[in-house]
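Beneath this line is the structure, given in structure tokens, with notes to follow.
Sequence lines set the chain letters: A, B, ... in the order given, protein chains first and strands last, and positions in each chain run from 1. Just so it is clear, the values below take in all heavy atoms, side chains as well, and ignore hydrogens, waters and symmetry mates.
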Amino acid sequence: MRERIVALVDMDCFFCQVEQRINPELKGKPVAVVQYNKWRGGGIIAVNYEARACGVTRHMRGDEAKEKCPEINLVHVPSINDKADTSRYREAGKEVINVICQFNCAVQRASVDEAFLDLTEAVDKRIGGETQVSADHLPSTHVVGFESQLENKEEGRSEAVQEWLRKSDASSEDDHDYRLVVAAKMVEEMRKAIFTQTGFTCSAGIAHNKILSKLVCGMHKPNQQTVLPISKVPFLYETLPVKKVRLLGGKLGDTLMEKLGINYMSELEKFSEAELCQKFEQRNGQWLYNIARGIDNEEVEARLIPKSIGCCKRFPGKTALKTKQELEHWIQELAVEVCARLDKDYEENCRRPRNLVVQWSVEVGSSNSKTGFLSHFDQPSLARDAMILLCKSISIENSKVKVPIQFLGLSVGKFTEERNKANSIAKFFKPSSASETKVNETIVSDPPVPEVKQEAPPIKTGPMSFFLRNLKKKDPEKNDARVAAPQTSVESDEDEKESVKSDSDKDVETDKRCQGEEEAEAPCPQCGKSVKILDMSEHLDHHVAQELHKELNQPVTPVIPPQPSTSALPKKRKYTKSKTQSAGGDAKKIRSIQSFFNKK
DNA sequence: CATTACCTGTCT
DNA sequence: AGACAGGTA
Ligand SMILES: Nc1ncnc2c1ncn2[C@H]1C[C@H](O)[C@@H](COP(=O)(O)OP(=O)(O)OP(=O)(O)O)O1
Ligand SMILES: [Mn+2]
Ligand SMILES: [Mn+2]
């Protein structure tokens, strides 16, 4: 089996770096970024390494940080109309993504400050050319299982890297390690490019899948990178608490430890797939069985931009919203931000959202949401539609909200690409197509197929989901679920009498009240084709599937690998069990690793 | 009384 | 498709 080469690049104390670039006086000083209310100095969401040295951590209050570190510089997240605005960090994140895209590989934006890369093809191309890699090319690289015990840290690191290089030359029977070597060199170059072009430092993990690359990225920070040779997985797992693994950090991790009586990842390997499936459901069981062996088949999806745009705000305790006026006010404010970001997104990505989701909660821990079809994107429309959706589910009497609202959120999603964007219509994903590149800049499918019904939209089978739900069901005091024809447009029940809507006749909107109009048709806003209104949603889904495979952003000229990619990678993920290797026991453990993973 | 933001899987 | 739980940054 030929392993993929996957890297995870994560920015160092990202929000702090953004603030330090804006205000260079802060460079070299302890900094933390705080968000929300003035209450006790605000809550900390990012801490730079100088401040971490004095024990300041995320979740702390500004006041506590001042105690631990009197010289700390607390920077507040910008606030607009009493609402945190994190746009500057999103914009900075885009800069980074743009640099990464100069390298020829599939890039998956995983959060505001990190991205997964599939370097498999890029590495192969690189090996086709020059092949020499020396320790000089890997000045900030660490290799799991090659830690040296030398007093001098840097000397030890360098010696360990050289040791690894000696053991992993191109002539080895398998080339897994050699390909990691080449990848490590590329990632060194990429990180340097990120720094040169943005001024930000970052760290990276390089391994054969997403879970492992993410895991090792955190081992050496800041401004360093860590490689995990496949043969060192058992060694790594020996001292690795299960909750450190992505997706096991929550309830699943807890029940895993509880039900199996284990603490470290190495202990997971002795359970049969059948037992894991029986205890944690089929899907989770297979995933666990695989990850216990260092196997994770989740693909790096070529996606550079978020799938949804939203914002929200909490109103804890007595600040809960109690009147319709308050509610309207905050809906307006949220709509202002969403609208502004939406306009920008349209300019940059030429897409429009088809869905609007309003979320709210009436007590801590509860949550409710209502979804509606979206056809207008100006602020008043967003606010109006959101209010209508909300009013369908909560009861208001005499301008008083029956149960005070403690949380309110607006988000839009299910984007479709704008038509008429010459050249973009022809791209239609065809499941049976053999070849397609997954490099972000070019997703080429063989013969472009026009507007045809498409089976099998890309199957999304992310790992993990949860059986726990049934163990502890939420108390359903919930909604009066009187509304809601699925897939109707946003429209109030109150309007019923006078159908206020006037100018929207050209829009694709439906109201389930109009029982007699189930046969009515309207032009699809995407393709113009006449479609039954009640089928519009399903129809639009085909466009959504299309959008998933559209071309994302136009990276500039490739810096490193000059060749455009042409070959294919599998798109569909499968959970394949694998009976495999795992070269038994590196008996000895390195303390530094142990303490790294056990601390905190 | 951490906060805001995004993603995925299951159930219906 | 929509509602919701769970997970992560
Ligand atoms: N729980 C949170 N709530 C709000 N914002 C968060 C939260 N966690 C992280 N962020 C923001 C601030 C971080 O700078 C940014 C990236 O997160 P993350 O990569 O986990 O840490 P970091 O970049 O600050 O430090 P590190 O150097 O350890 O990566 O996302
Ligand atoms: Mn980070
Ligand atoms: Mn991160």
Please report the C-alpha distance between Glu299(A) and Arg4(A) in whole Å, then the side-chain angles of each, then the deciding distance to 0.1 Å, and finally whether the salt bridge (Lys or Arg N to Asp or Glu O under 4.0 Å) criterion is met. CA-CA 9 Å; Glu299(A) 284 185 33; Arg4(A) 294 169 295 153; over 6 Å; no
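Residue Arg354(A) places no side-chain N or O under 4.0 Å from the OP1 or OP2 atom of dG2(C). A sub-4.0 Å separation between OP1 or OP2 of dT4(B) and a side-chain N or O of Lys313(A) is present. For dA5(B), neither phosphate oxygen OP1 nor OP2 lies less than 4.0 angstrom from any side-chain nitrogen or oxygen of Ser411(A). Between dC7(B) and Ser111(A), no contact under 4.0 Å exists linking OP1 or OP2 to a side-chain N or O. Applying the 4.0 Å criterion to OP1 and OP2 of dA3(C), one finds that Asn368(A) has every side-chain N and O outside that range. Within the structure, every side-chain polar atom (N or O) of Lys414(A) is placed at least 4.0 Å from both OP1 and OP2 of dG2(C). For Lys251(A), a side-chain nitrogen or oxygen approaches OP1 or OP2 of dG6(C) to under 4.0 Å.
Between the P atom of dC6(B) and the CZ atom of Phe415(A) lies a distance of 9 Å, rounded to the nearest Å.
Under the side chain to side chain donor-acceptor pair (under 3.5 Å) criterion, Lys94(A) pairs with Glu91(A), Glu348(A), sequence neighbours left out. For Lys402(A), the salt bridge (Lys or Arg N to Asp or Glu O under 4.0 Å) partners at least two apart in sequence or on another chain are Glu397(A).
Counting non-hydrogen atoms under 4.0 angstrom, Gly249(A) reaches the backbone sugars and phosphates but no base. Residue contacts shown for Gln406(A) are absent, as no nucleic acid heavy atom lies under 4.0 Å away. Among the heavy atoms of the strands lying under 4.0 Å from Arg341(A) are primed sugar atoms or P, OP1, OP2 only; no base atom is included.
Here the side chain of Glu347(A) pairs no donor or acceptor atom with the backbone of Lys344(A) at under 3.5 angstrom.
The side chain of Glu337(A) lies closest to dA5(B) when the candidates are dT8(B), dT8(C), dA5(B).
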